[in-house]
Number of protein chains: 4
Amino acid sequence: MSRKSNTEQRRAEIVSALLAVMADQGYEKATIQSIAKQAGLTPGLIHYHFQSKGEILIALVHSLAQFSRARYAYFASEATTPRERLNACIDARLAKGEGANPDAVSAWVVIGAEAVRQPEVRQAYQEAISSELAVLEEVITECLTEDGKRTDNASPLAAALLAFMEGAFQLASAARDIMPQGYAARMAIEMVERYIDAEPEKKRRSSRK
Amino acid sequence: MSRKSNTEQRRAEIVSALLAVMADQGYEKATIQSIAKQAGLTPGLIHYHFQSKGEILIALVHSLAQFSRARYAYFASEATTPRERLNACIDARLAKGEGANPDAVSAWVVIGAEAVRQPEVRQAYQEAISSELAVLEEVITECLTEDGKRTDNASPLAAALLAFMEGAFQLASAARDIMPQGYAARMAIEMVERYIDAEPEKKRRSSRK
Amino acid sequence: MSRKSNTEQRRAEIVSALLAVMADQGYEKATIQSIAKQAGLTPGLIHYHFQSKGEILIALVHSLAQFSRARYAYFASEATTPRERLNACIDARLAKGEGANPDAVSAWVVIGAEAVRQPEVRQAYQEAISSELAVLEEVITECLTEDGKRTDNASPLAAALLAFMEGAFQLASAARDIMPQGYAARMAIEMVERYIDAEPEKKRRSSRK
Amino acid sequence: MSRKSNTEQRRAEIVSALLAVMADQGYEKATIQSIAKQAGLTPGLIHYHFQSKGEILIALVHSLAQFSRARYAYFASEATTPRERLNACIDARLAKGEGANPDAVSAWVVIGAEAVRQPEVRQAYQEAISSELAVLEEVITECLTEDGKRTDNASPLAAALLAFMEGAFQLASAARDIMPQGYAARMAIEMVERYIDAEPEKKRRSSRK
DNA sequence: AATGAATGAGCATTCATTCAT
DNA sequence: AATGAATGAATGCTCATTCAT
């Protein structure tokens, strides 16, 4: 019956505050002060729950990766065919105005840039990317297999689809106004489908005549 | 009498130094000190040639955009068919290890993140993106026309190709190790070609008679 | 739990330190470093309690204006006649070596010069001047009324007396050595008195009958 | 027939430029750059003609003192009586909107504040003040003598008049809007005249009867 | 005489982090 | 758990002055 620690909730609040602040200020300009203000906390308390600012950022990367997986799971929950799961993959990330949560998208773009220079961020970022790649490759492989196609290109195709989505996030955050409306989800689906359609048939094991 | 101005050269040196420093430190960590050191100049001199750090960044955005156009022009100089020009477009950006100049690619990723929050950077970034989009759309339209296809989707296809390339830059900078080798240029070409191949024929104005 | 705020005291200390430093260094040379040193604080702490150096200056203007009012109130506390109050007005500002606190006088002169170019300082300065003018005009009007004189010139006379005092501050700060000893308070009193004495009688409402 | 040195003219131009810039920027903000720009010269040339920025300021003090004397001489040129000369003294400084040249007045106020802390400026300032005092004392003595008054108070009266004028400059520069219109010249004259009128008669050397 | 690039010291300000309460 | 004052290093930027041309 001891008083419950509220550490987990506080940490979540702080991570969420970083997301919000970072989305329109970037990482360096997201000061502990501004994060604290956003979270309705005091600067000292931030460092009570996190050792450093960098640690909050790492937590945010994991949080966003987790969120992305959850969102896919939700979208895929009613999918029964490989194609439906592929659609779920893409819609989970790109549907509804190129990403349902603009703040999360912008923050992800900022994280991508931080990953360029901060090894620890890069590692967390790469874990997230790996996870996404694995999901995409699996779904794409299923689609290819279902159509009786070769699966040699599943991996590069997954990579290409992921690159497309990352780029769409970037452009949605920094150049939304000049991009065609709603191109992202539609083109992602169509490009992958047409790519798969044009793939050669899988070689039969028994080529007897 | 009057001394010859070396401002243009100095500015180019400084912009180049920012590119180098920013590629592995990000924008905020690219201090005037570090830029000066990289360029072999003194901090005071940086501000003699540029009013602010932000102004150097804007100059870098323009410089990279200019460089991209020049690189495409070079690649396209021997292209005679629409398909060759499309290849030139993609190779100019993605060939040879996902972009010939890793520093420029990383810097571009960082610029993309800065464009999220700095209006002036965003404007310069959008100008560059617009220019790229225009080139891609033109080349894609040529390809479609040559094949007798409808051109309705030229714009979203250009947008999709650009998103792909931006995302490939991002992943090349922050997750090179976990991406399939050489997927980018090859997949870009193939996806666009297969998309075009699957496009419906252009409606004939007068089909019978 | 929560710590007690010492902000008000710290702010007062900082303002007081600015007064001291500014009195012999001017405003621009009163660096945050020197203010901090004078106050026995660190530069960072200065900016914890004040947003900017300019904000300290504004606080100082208000502080000096407040001090002037308090000093007059103290001098006037024993005054019962209009003349005594007039004397209190003048002595509060000019008695004892042209102002009891040389630092405050010098700082006020420096503030006057800053008010020429800094709009925010000018506003605070003008508020202080307005307040002084109002007090002087009221006291002078009382003196005139008591003597049965016209009060038309109360306002310009108050302005003249204030100009005299401001000028006396200036000269006491920058040319004390070459000014006659103790001229200021004595001459201020005498000039105002002789001016009032020479004013025409108030017009009687109904003079005859 | 050697080429004439244009040093004197250049120096005058530079001093004049400092006056203009200082009038609305103060002394510290009047950078060599801004002075050069105002004068249509280059920064390097400023230091060819003056050893330091401080030297320009000293030259300006002398220039303004000289100007004041010249202006008085001009106003007094047609004065034949002591009273007319007194009027000339006052009008030369305060007539026409409290000083004919607002820039010069503001610059003088700024100089007064600099004199508080810079010994060299203080010396030049005190020379100018001494000179003014001497002129005023002489004219006032003449007026007193003409009226057969004692001249004991000529010195403090001159000091008081000077203080008034300095204060009027200060208030004209920083608080013009809240001061009564045209009070300065009129009140200066009236106060001095009434003061003189109320002075006691000079003691007769031969008091015989 | 004149130019304008170059220097270097100094400034206000920011901010992650620490710590007494 | 929580507060908010305090620190100190770092940053962008300014500017008088110097100097090669």
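Heavy-atom basis, side chains included; hydrogens, waters and symmetry copies ignored. In the text below, chain A, chain B and the rest are named by the order of the sequence lines, each starting its count at 1.
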Self-check item: Minimum-distance nucleotide (side-chain atoms of C/His47 versus E/dA6, E/dT14, F/dT18)
Solution: E/dT14

Practice problem: From the options E/dT13, E/dA2, E/dA1, select the nucleotide whose nearest atom is closest to the side chain of D/Thr7. | Solution: E/dA1

Practice problem: Taking only the side-chain heavy atoms of D/Leu45 (C-beta and beyond), determine which of E/dC11, F/dG12, E/dA2 contains the nearest atom. | Solution: E/dA2

Quiz prompt | Atom pair distance, as rounded to whole Å: CD1 in D/Ile46 and P in F/dC15 | solution = 15 Å

Quiz prompt | Backbone of B/Pro43 reached by a side-chain donor or acceptor of B/Gln33 within 3.5 Å | solution = no

Exercise. Measure the shortest side-chain to side-chain distance between B/Leu57 and B/Gln118 over non-hydrogen atoms and say whether it is less than 4.5 angstrom.
Key: yes

Practice problem: Return the value, rounded to whole Å, for the distance between atom NZ of C/Lys53 and atom C1' of E/dG10. | Solution: 12 Å

Quiz item: Taking for each residue the nucleotide of DNA chain F bearing the nearest heavy atom, is the 5' side occupied by D/Gln33 or by A/Pro43?
Solution: A/Pro43

Quiz prompt | Whole-Å gap separating P (E/dA12) and CD1 (C/Ile14) | solution = 14 Å

Quiz prompt | Identified stems (criterion: three or more consecutive Watson-Crick or G-U pairs, under 3.5 Å), DNA chain F | solution = E:2-21 with F:2-21

Quiz item: Given side chains that start at C-beta, do those of D/Ile46 and D/Ile56 come closer than 4.5 Å, heavy atoms only?
Solution: yes

Quiz item: From F/dA2, F/dA6, E/dT13, pick the nucleotide closest to the side chain of A/Tyr48?
Solution: F/dA2

Quiz item: Expressed in angstrom and rounded to an integer, what is the separation of B/Glu55 atom CD from F/dG12 atom P?
Solution: 15 Å

Self-check item: Whole angstrom value for the distance that separates C1' of E/dA6 from CD of B/Glu13
Solution: 13 Å

Self-check item: Gap between atoms CG and P, on A/Leu41 and E/dT17 respectively (whole Å)
Solution: 17 Å

Self-check item: Inter- and intrachain pairs under salt bridge (charged side-chain N to carboxylate O under 4.0 Å, His left out), touching residues 115-128 of chain C, at least two apart
Solution: C/Glu28-C/Arg117, C/Glu114-C/Arg117

Quiz prompt | Test side-chain hydrogen bond (donor to acceptor under 3.5 Å, both in side chains) applied to B/Tyr27 - qualifying residues, sequence neighbours left out | solution = none

Practice problem: Just compare E/dC11, F/dA16, E/dT17 and give me whichever is closest to any side-chain atom of D/Thr31. | Solution: F/dA16

Exercise. Find the distance B/Gln51:CD to F/dC13:P and express it as a whole number of Å.
Key: 10 Å

Quiz prompt | Between E/dG10 (C1') and D/Lys29 (NZ): distance, integer Å | solution = 13 Å

Exercise. Report the nucleotide, chosen from E/dT7, E/dA2, F/dT7, that has the shortest atom-to-atom distance to any side-chain atom of D/Thr42.
Key: E/dA2

Exercise. Please answer whether the main-chain N or O of B/Ala20 pairs with a side-chain N or O of B/Gln38 as donor and acceptor at a distance below 3.5 Å.
Key: no

Quiz item: Can a side chain N or O of B/Ser5 be found less than 4.0 Å away from OP1 or OP2 on E/dA5?
Solution: yes

Practice problem: Mind checking B/Ile32 for me? I need base, sugar-phosphate or nothing, with any heavy atom below 4.0 Å counting as a touch. | Solution: sugar-phosphate

Quiz item: If every non-hydrogen atom of C/Thr42 is compared with every non-hydrogen atom of C/Ala36, which pair is closest and at what distance?
Solution: C-CB, 3.8 Å

